[in-house]
Amino acid sequence: MNENQKEQSENNPKLNLKSIAKKWQNVWKETHAFKVSEDPSKKKFYCLEMFPYPSGKLHMGHVRNYSLGDSYARFKRMQGYNVLYPMGYDSFGLPAENAAIKHKEDPEEWTASCIAMMREQQEQLGFSYDWDRIVETYKPEYYKWNQWIFLKFYEKGLIYRKKSAVNWCPHCKTVLANEQVIDGRCWRCHTKVEVKHIEQWFLKITAYADELLKDLDQLDWPERVKVMQRNWIGRSEGTLVNFKLENSDKNLQVFTTRPDTLFGVTFLVIAPEHPIVPELIKGTDKEEEVKEFVRRVVIEEKATRTAEDKEKEGIFTGKYAVNPVNGEKVPIYLANFVLLDYGTGIVMAVPTHDQRDFEFAKKYNIPMKLVIKPKDKDLKVEDMKEAYEGEGVLINSGDFNGLDNEEAKEKITKYLEEKGWGKKTVQYKLRDWLISRQRYWGTPIPMIKCPKHGYVPVPYEDLPVLLPKDVQFTGEGNPLKTSENFVKTKCPICGEEAERETDTMDTFFDSSWYFLRYTSPREDKLPFNKEAVKYWMPVDQYIGGIEHAVLHLLYSRFFTKALRDIGLLDFDEPFKRLLTQGMVLKDGEAMSKSKGNVVDPGEIIDKYGPDTARFFVLSAASPEKELEWSTEGVDKVYKFLNKVLETFSGLKKTNEEINYETLNSKEKYILSKTHSLIKEIAEDITNFRTNIALLKLTNLTNEVIKSKDKLSEAVLNEVAEEITLMLAPFTPHMCEEIWHDMGHDTLISLEKWPEQNKNFIDEKLERLHTIKDKVKSDLINTKNLVQKKTGKSFTKAKLIISDKWKYELFDKVKALLNKTRNISEIIKEIMADERLKRKETSQLIQKIVKNPSLLIGGITQKDEETFLKDFEDELEKDTKLKIILELEQDSKEAKAKQALPGKPAIILLE
RNA sequence: GCGGGGGUAGCAAAGCCUGGUCAAAUGCGCAGGACUUAAGAUCCUGUCUCUCAGUGAGUUCCUGGGUUCGAAUCCCAGCCCCCGCACCA
């Protein structure tokens, strides 16, 4: 488009991608086009995007996420599904509170205004949400149900309070869940996390560890997300073994996955912060020394203690334990590499068969004992440079000698169980979910602390416990503590003076069930309406970032299971299918303010309109992969869309029946291609090959536009209509405009996906046209080349489509086909003939056998002729050469030739 | 270490599941042409190597083997890259 045209199209409101967007957004709004309700007569589809934290402005990641979701929802709607496609805001959290501290703003107002801004941008992009179902977690009508669920979980014993070492972020001034600590740092601000020992509220997610693990198998999720969850849950089977403390009747219980090495234990190691340590060393001459060690190691930050390259360090306690199976006396050590919160916090060490124990034993000169011998060689303790962790046969293991070590694991465990010295067990890495937060902007935990009755739940009828307004934001301590009205209350049991819990809930609590709320957002008797949930849930397609692989996605699964066990749900998993979309990059890096490479969606919408932004973001990369932002790419899309709008909006709606027999080959070809695509595109969208779908559509559209003069009105209208329908999920505003212009009075957004007419599909013709392009370029090349070389100019060219050896082949295959249908046999037979031994031979045979009609001419004579005629015209135009097509009339050859047109020979004539 | 995903032309990126229409879509880059006073835009063509007035030949999809009439595609082994988890006993 040149400047003039550009101006024209921008001045002409009809052709302006921006102004039509507004227009159709208003129409959708006024007609409540995307409002849905439960309709048992229709199949439902629940399409969900991870709801945003309302920071006020959309970033490209949001645009990508929602463009994917919206096109999917729109596509499903066109396929006839009753589509639930909602939006909401995860609107509790620190930024609002920080704004309050910094700028003295009211968190509620601040949040509301951020939501308003964000929503406006979402509306500008034309997403087809049912805005009547908006869910905002900071509103009492939502968080009331957080509290309700909290109380239900509490009743069920899924919530408890305990004192433990917790992760404390000094920057956010709150505790964090394990899932929120990444590499020893806060997930939000990346500050190094410290350890604090305080009493906090926990959610018993570990009660569901096994089910959370097992049910992963039934989910249609990206493998890597499932793997991350599996790792996080970290199930391992092993054995608990009791070692007697020497000169005492105390037991030291260890967890091991290698009971087969039990006879090789030469020492025990205890986590330094283990509660047994003080009594163990009390009154011994090692007491001071050990205490000093514990102080040093435990005070060290969590992050560095568990770092990979951290050197193993330990200290002997002076005490011994007794190995139950052989009565051996083994020394007890403390060491920094043993973790209190995994297993029992006490480890049996077998230096010969565990690398860590090996290193530790070397460093502290502890003896070693070999108990497993590899099958193919002998080992000697003195020669060992590292532990032998492989398979083998047991030695030095009493009655178990000679057993295969895998077998020994079971036998030894069984033996321990019989003797009462140990038992089989399962360990998880998953820890209970700490949900207390010492911050203001969250759901108040509905508990009251009575001096007499301890923690007492707030009665259901008193919900919600509202966030007070009269609080001080000082940046120090929990603001809730500053509201006397809030803190001071009466005990629900005795009516005496009591204090409210001032901790609030982790915001991940809010997001763990919001998808249920969407099904019945105004329900006021329960968190959600059971019937509505029954109709809509589970979510059929969930779309969001990978960063929630073990946070939100794990918590929501847990909530679903827990709510099921309370009797509110009757399914096990919330999200059937998950797409984790890739990041949006600029210059190979994630967009960030500090790098200054942020592209603001607002500006893009302003400049190019929403359809361009959506189309680009969907077409530039496959959804799971990273997307590199490209200004030129956006320009190209913009031009393409303008071209489509310009060309298609001049057309009329289809009212003529197409008389297929009378069509020329170009028309048949375009029809065939369009109708093939109807199915292909639907499949591509379903499988999130969105970029491929758009690529195919672009190619087809360009082809149609290019050859529109060769198409009859009926065909052009028909094809344009179908293409517009197929583009509608992606560029809905433009398509509404075109649809309307064509003379339809319906909304294209609510139209049906086009139906494939199989009669229009002609694969051979499509092939023919592919070959045509090659022939054309060959001819032009040859002409240019020859003219250059010879200095002569040519006015005529003769094309000969013939392939002598193929005819021979055809005859032979035909003869053989009477005998057998076995491809291999036919091929072998024919390959025996030297004259026919060619690269393509076997391919041709395959084709013939699969489709014997080729032998009597697959494409009709008429097709061939119309095709060639078209072709002739086109060639002449492009090459300024008169083409003489030589059709050999000998029936057999002609038929073969028609069936399989090869690359023709070119003869130029002066 | 455990687990996941990859390695395709100058680059980016399809194809692989379901082997043959694959010298391999598409985009970028590069080259040539058309249109233009020119630039831009647009359109057309080419872009592994050789050959070339004639349907051509050779060598390719990380490497090496295998299956098959036929392999980018299936199987085995190896090399390399990216990502997640990790002193979890």
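So you know, we letter chains A, B, ... as the sequences are listed, proteins then strands, and number each from 1. In this text, all values refer to a predicted model and were calculated from it rather than measured experimentally.
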Enquirer: Just checking, any donor-acceptor pair under 3.5 angstrom between side chains of Thr206(A) and Asp432(A)?
Expert: yes

Enquirer: Going by the salt bridge (charged side-chain N to carboxylate O under 4.0 Å, His left out) test, which pairs reach into residues 623-633 of chain A, not counting sequence neighbours?
Expert: none

Enquirer: Whole angstroms only, please: what is the CG-C1' distance between Leu334(A) and rC87(B)?
Expert: 16 Å

Enquirer: Calculate the interatomic distance between Asn642(A) atom CG and rA41(B) atom P; express it in whole Å.
Expert: 17 Å

Enquirer: Could you give the distance separating rG56(B) and rC22(B) at their P atoms, to the nearest angstrom?
Expert: 15 Å

Enquirer: Cation over ring, Lys312(A) on Phe360(A), under 6.0 Å and within 45°?
Expert: no

Enquirer: Just name whichever nucleotide pairs with rA57(B), Watson-Crick or G-U, keeping both distances under 3.5 Å, else none.
Expert: rU49(B)

Enquirer: Looking at rA13(B), I'd like to know if its phosphate oxygens (OP1 or OP2) sit under 4.0 Å from a side-chain N or O belonging to Ser622(A).
Expert: no

Enquirer: Given that Asn702(A) and Phe255(A) both sit by RNA chain B, which one's nearest nucleotide is further toward the 5' end?
Expert: Asn702(A)

Enquirer: With a 3.5 angstrom cut-off on both distances, give the Watson-Crick or G-U wobble partner of rU68(B), or none if there isn't one.
Expert: none

Enquirer: Without decimals, in angstroms, what is the distance between Glu703(A) CD and rA25(B) P?
Expert: 15 Å

Enquirer: With respect to the side chain of Asn699(A), which nucleotide from rG4(B), rU26(B), rC87(B) is positioned closest?
Expert: rU26(B)

Enquirer: Less than 4.0 angstrom between a side-chain N/O of Ser236(A) and OP1 or OP2 of rA89(B), yes or no?
Expert: yes

Enquirer: Determine which nucleotide pairs with rC43(B), using a 3.5 Å limit on both distances of a Watson-Crick or G-U wobble pair.
Expert: rG33(B)

Enquirer: When you compare rG27(B) with rA14(B), how far apart are their P atoms, in angstrom units rounded to a whole number?
Expert: 15 Å

Enquirer: Looking at rG84(B), which nucleotide sits across from it as a Watson-Crick or G-U wobble partner, both distances under 3.5 angstrom, or is there none?
Expert: rC2(B)

Enquirer: For rC88(B) versus rG6(B), give the span between their C1' atoms, rounded off to a whole number of Å.
Expert: 29 Å

Enquirer: Partners of Trp232(A) by ring-ring contact (aromatic ring centres under 6.0 Å, His included), sequence neighbours excluded?
Expert: none

Enquirer: Salt bridge or not between Arg296(A) and Glu313(A)? Use side-chain N to carboxylate O under 4.0 Å.
Expert: yes

Enquirer: For Ile270(A) and rA89(B), give me the distance from atom CD1 to atom P, rounded to whole Å.
Expert: 19 Å

Enquirer: Rounding to an integer number of Å, can you tell me how far Leu627(A) CG sits from rA13(B) P?
Expert: 12 Å

Enquirer: Listed by chain and number, what are the side chain to side chain contact (heavy atoms under 4.5 Å, CB included) partners of Val265(A), not counting sequence neighbours?
Expert: Phe243(A), Leu262(A), Leu268(A), Asn323(A), Val330(A), Met348(A), Val350(A)

Enquirer: Could you list by number each residue of residues 686-697 of chain A showing a heavy-atom separation from RNA chain B of less than 4.0 Å, or answer none if no residue does?
Expert: Ile692(A), Leu695(A)

Enquirer: Just how far, in rounded Å, is P of rA13(B) from CD of Glu624(A)?
Expert: 13 Å

Enquirer: Could you pick out which residue, Glu223(A) or Gly234(A), lies toward the 5' side of RNA chain B when each is mapped onto its nearest nucleotide?
Expert: Glu223(A)

Enquirer: Please tell me which of the listed nucleotides, rC88(B), rG5(B), rC87(B), lies nearest to the side chain of Tyr342(A)?
Expert: rC88(B)

Enquirer: State the pairing partner of rA13(B); accept Watson-Crick or G-U wobble contacts with both distances under 3.5 Å, and report none otherwise.
Expert: none

Enquirer: How far, in whole Å, is rC74(B) from rC16(B) if one measures between their P atoms?
Expert: 9 Å

Enquirer: To the nearest Å, give me how far apart CZ (Arg224(A)) and P (rC82(B)) are.
Expert: 16 Å

Enquirer: Can you identify which nucleotide, out of rC88(B), rU26(B), rG4(B), has its nearest atom closest to the Val227(A) side chain?
Expert: rG4(B)

Enquirer: Of all the nucleotides listed (rC85(B), rA14(B), rC87(B)), which has the minimum atom distance to the side chain of Asn336(A)?
Expert: rC87(B)

Enquirer: When both hydrogen-bonding distances must be under 3.5 Å and the geometry is Watson-Crick or G-U wobble, what is rA38(B) paired with, if anything?
Expert: none

Enquirer: Considering just the side-chain nitrogens and oxygens of Lys625(A), establish if one lies under 4.0 Å of OP1 or OP2 belonging to rA14(B).
Expert: yes

Enquirer: Tyr608(A): which residues meet the ring-ring contact (aromatic ring centres under 6.0 Å, His included) condition with it, sequence neighbours left out?
Expert: Tyr638(A)

Enquirer: Taking the P atom of each, how far is rC79(B) from rA9(B), in whole Å?
Expert: 22 Å

Enquirer: Closer than 4.0 angstrom, basic N to acidic O: yes or no for Lys362(A) and Glu386(A)?
Expert: no

Enquirer: Quantified in whole Å, what is the C1' atom distance between nucleotide rA89(B) and nucleotide rG5(B)?
Expert: 30 Å

Enquirer: Listed by chain and number, what are the ring-ring contact (aromatic ring centres under 6.0 Å, His included) partners of Phe640(A), not counting sequence neighbours?
Expert: Phe615(A)

Enquirer: Could you tell me how far rG20(B) sits from rA72(B) if I compare only their P atoms? Round to whole Å.
Expert: 10 Å

Enquirer: For rU42(B), does either OP1 or OP2 sit under 4.0 Å from a side-chain N or O belonging to Lys639(A)?
Expert: yes

Enquirer: With a 4.0 Å limit, can you tell me whether Arg356(A) has a side-chain N or O closer than that to the phosphate oxygens OP1/OP2 of rC88(B)?
Expert: yes

Enquirer: Can you measure Leu339(A) atom CG to rA86(B) atom P for me and round it to whole angstrom units?
Expert: 11 Å

Enquirer: With rounding to the closest Å, how many angstrom separate the C1' atoms on rU49(B) and rG10(B)?
Expert: 16 Å

Enquirer: Could Arg235(A) and Asp210(A) be called an ion pair, given the rule that one side-chain N must be under 4.0 Å from one carboxylate O?
Expert: yes

